[in-house]
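These notes concern the structure reproduced below.
We number each residue from 1, following the sequence as shown. Quick caveat, the model's predicted, so the values are computed rather than measured.
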Amino acid sequence: MGKVKGINISEKKGVVKQPIAEGQFIKEFGLKDDAHAGKWHRQVSLLAQESIDKMTEMGVEGLCSGKFAENITTSGITLHELPVGTLLKIGETIQEVTQIGKECHSGCAIKQAVGQCIMPKEGIFTKVLEGGIIRVGDAISLVASEK
């Protein structure tokens, strides 16, 4: 169904995430050592490469995995069309979609450059139901839709 194109991490909030080859995703917490992980509904953020490509087509230069502070960059799956409650198998993990989009923070450099940012509309958030390792290149498949 889909594929992991990138895994990204940051030690503190408000900075661009850095790419890593694999990440340990902890049940009910998120990506180990990531600033956004925790016991809440937005443990992991995902954004499709196809969404990033839309911004590139609008003239934003230098975009790559992690620039939108997403933990997982995907391809081949239309993330923002998945209903909340959808279960995804990503690498060794099972994650539940908990939120579609978010409000863009006021200091968003991409929004300032082109007038809009794709993450608020097309980024999604999940919580980790079953932990494990996710590697770049791992498959993403639909486990179940809506509980």
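- Between I124 and L82, the closest heavy-atom pair is CD1-CD1, 4.5 Å.
- Under the 4.5 Å side-chain heavy-atom criterion for ILVMFWY residues, no single connected hydrophobic cluster contains both I134 and F29.
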Take R42 and H36, measure what side chain to side chain contact (heavy atoms under 4.5 Å, CB included) needs, and give me the verdict at the end.
CA-CA 8 Å; R42 288 179 11 190; H36 293 90; over 6 Å; no

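- The only member of E122, E70, K5 that meets side-chain contact (heavy atoms from CB on, under 4.5 Å) when paired with I52 is E70.
- In the hydrophobic cluster analysis, where Ile, Leu, Val, Met, Phe, Trp and Tyr join through side-chain heavy atoms closer than 4.5 angstrom, I26 is grouped apart from F125.
- Applying the salt bridge (charged side-chain N to carboxylate O under 4.0 Å, His left out) test to pairs two or more places apart or on separate chains, those with a residue in residues 26-41 are K17-D34.
- Between L88 and V143 the shortest heavy-atom distance is C-CG2, 3.9 Å.
- Looking at S45, its side chain does come within 3.5 Å of a backbone N or O of N71 through a donor-acceptor pair.
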Go through I94 and K89 one step at a time and tell me if the side chain to side chain contact (heavy atoms under 4.5 Å, CB included) criterion holds.
CA-CA 5 Å; I94 302 290; K89 178 161 179 47; 3.9 Å; yes

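- Scanning all heavy atoms of the two residues, the minimum distance from I77 to A48 falls at O-CB, 4.0 Å.
- Judged by distance alone, with hydrogens and angles left aside, the side-chain atoms of Q95 form no donor-acceptor pair with the main-chain N or O of V97 at under 3.5 Å.
- The hydrophobic cluster of I133 has no other members, since no ILVMFWY side-chain heavy atom comes under 4.5 Å of it.
- Residues V44 and I72 share a closest heavy-atom pair of CG1-CD1, 3.9 Å.
- The distance from atom CD of Q24 to atom CD1 of I7, rounded to the nearest 0.5 Å, is 12.0 Å.
- Within the model, atoms OG1 of T73 and CG of N8 stand 4.5 Å from one another, a figure rounded to the nearest 0.5 Å.
- With rounding to the nearest 0.5 angstrom, the NZ atom of K3 is 9.5 Å from the CG atom of D138.
- L31 and G23 get closest at one heavy-atom pair: CD1-CA, 3.8 Å.
- For H80, there are no side-chain hydrogen bond (donor to acceptor under 3.5 Å, both in side chains) partners at least two apart in sequence or on another chain.
- Note: K127 NZ to Q43 CD = 7.5 Å, rounded to the nearest 0.5 Å.
- Without hydrogens or angle criteria, E130 side chain to E92 main chain gives no donor-acceptor distance under 3.5 Å.
- Linking Ile, Leu, Val, Met, Phe, Trp and Tyr residues whenever their side-chain heavy atoms come within less than 4.5 Å leaves L46 and W40 in two separate clusters.
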